[in-house]
Amino acid sequence: MGEKMIYERGASMIEIIGVLAIAGLMSAAAIGMYNTIRNNQARKIASTQMEEIVRNTKMLMGMQGNYNGLSITYLISAGALDNDNPPIGGDDWSVVPTFDGAGFSINLTELSNGECEYFATTKPKWATRIVINNSDYTGTNPNCFSSDINKISFIVE
């Protein structure tokens with residue numbers, strides 16, 4: 001009679017390691033994609049909040065003919081701003097009149113390189129000028145630092 005065949009069940013150790021490696025790569029890619037989506041969403045929310053600040057500030061101060069005396073504290077007391085939380089970045093942000101009072105700026109601090117480049121390349125319609133790390137942004141080189149110390153000023157005139 002013939003020999004009896006023996007069937008083994010299960011996977012070899014190499015197959016198991018291969019499956020785990022593929023699962024690890026897929027998990028890392030999913031986490032990276034989630035972080036990108038989350039960061040983009042936070043930036044879009046900040047853009048919307050700043051647009052609302054501009055609209056409310058123009059309505060509040062526009063009849064006055066200038067923006068002298070403008071500050072976050074003033075906007076909160078007048079009901080044009082809910083709180084002093086920054087739209088994005090560090091807590092030492094500001095909304096202040098320009099030197100001549102004819103306009104104002106929204107100044108964001110402690111922005112990451114990615115946030116800095118995002119706001120430079122997606123210039124809001126309401127901003128007449130953008131200053132990045134104390135240099136006017138001309139549309140070519142955003143002058144963003146690689147660390148989280150970037151400062152952007154959106155000038156509204």
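In this chain, numbering begins with 1 at the start of the sequence shown.
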Taking side chain to side chain donor-acceptor pair (under 3.5 Å) as the definition, give me every residue that meets it alongside T57, ordered by chain and number, with sequence neighbours left out. none
Give a yes-or-no answer on whether the side chains of S135 and N133 include a donor-acceptor pair shorter than 3.5 Å. no
Checking the side chain of N113 only, and the main-chain atoms of S146 only, is there a donor and an acceptor separated by less than 3.5 Å? no
Is there a path of hydrophobic side-chain contacts, each under 4.5 Å between heavy atoms of I, L, V, M, F, W or Y residues, that connects V54 with M59? no
Going from CG on N83 to CG on L75, what distance comes out if it is rounded to the nearest 0.5 angstrom? 11.5 Å
Rounded to the nearest 0.5 Å, what separation is found between the CD1 atom of I106 and the CD1 atom of I152? 12.0 Å
Enter the distance from L108:CG to C116:SG here, rounded to the nearest 0.5 Å. 10.5 Å
Atom CG of N66 and atom CG of D100: how far apart are they, to the nearest 0.5 Å? 9.5 Å
Identify the two heavy atoms, one from Y118 and one from S47, that lie closest to each other, and give their separation to 0.1 Å. CE2-OG, 4.0 Å
Taking every non-hydrogen atom, the tightest pair across P87 and M50: CG-CG, 3.8 Å
With side chain to side chain contact (heavy atoms under 4.5 Å, CB included) as the criterion, how do E115 and N150 come out once you've worked through the C-alpha distance, each side chain's angles and the decisive distance to 0.1 Å? CA-CA 9 Å; E115 292 163 344; N150 292 291; over 6 Å; no
Between N68 and G101, what is the shortest heavy-atom contact and its length? OD1-CA, 3.4 Å
Partner of F154 under ring-ring contact (aromatic ring centres under 6.0 Å, His included), chosen from W93, Y137, W126, F104: W126
Within one Ile-Leu-Val-Met-Phe-Trp-Tyr cluster: V96 and L81, side-chain cutoff 4.5 Å: no
Measure from the side-chain N and O atoms of Q64 to the backbone N and O of M61, and report whether any donor-acceptor pair falls under 3.5 Å. no
Got a second to check how far R43's CZ is from R38's CZ, nearest 0.5 Å? 10.0 Å
For the CG atom on N141, are there more than 12 heavy atoms of other groups (residues, nucleotides or ligands in this structure) within a distance under 6.0 Å? yes
Hydrophobic clustering (ILVMFWY, side-chain heavy atoms < 4.5 Å, transitive) - are I88 and I45 grouped together? no
Taking all non-hydrogen atoms of both residues into account, name the closest pair between S94 and I72 and its distance. CA-CD1, 3.6 Å
Restricting to non-hydrogen atoms, name the atom on I132 and the atom on I130 that form the minimum distance, rounded to 0.1 Å. CG1-CG2, 3.7 Å
Between A78 and L60, which heavy-atom pair has the shortest distance, and what is it? CB-CD2, 3.5 Å
Count the heavy atoms of every other residue, nucleotide or ligand shown that sit under 6.0 Å from CD1 of I14, and state whether that count exceeds 12. no
OG1 (T98) and CD (E157) are apart, to the nearest 0.5 Å, by 5.5 Å
Between the side chains of N107 and S153, is a donor N or O closer than 3.5 angstrom to an acceptor N or O? yes
Does NZ in K123 sit with more than 12 non-hydrogen atoms of other residues, nucleotides or ligands closer than 6.0 Å? yes
Go through the steps to decide whether Y67 and V156 satisfy the test side chain to side chain contact (heavy atoms under 4.5 Å, CB included), and finish with yes or no. CA-CA 11 Å; Y67 295 94; V156 180; 5.9 Å; no
K151 and T109: side chain to side chain contact (heavy atoms under 4.5 Å, CB included), yes or no, with the steps? CA-CA 4 Å; K151 179 181 177 182; T109 61; 4.2 Å; yes
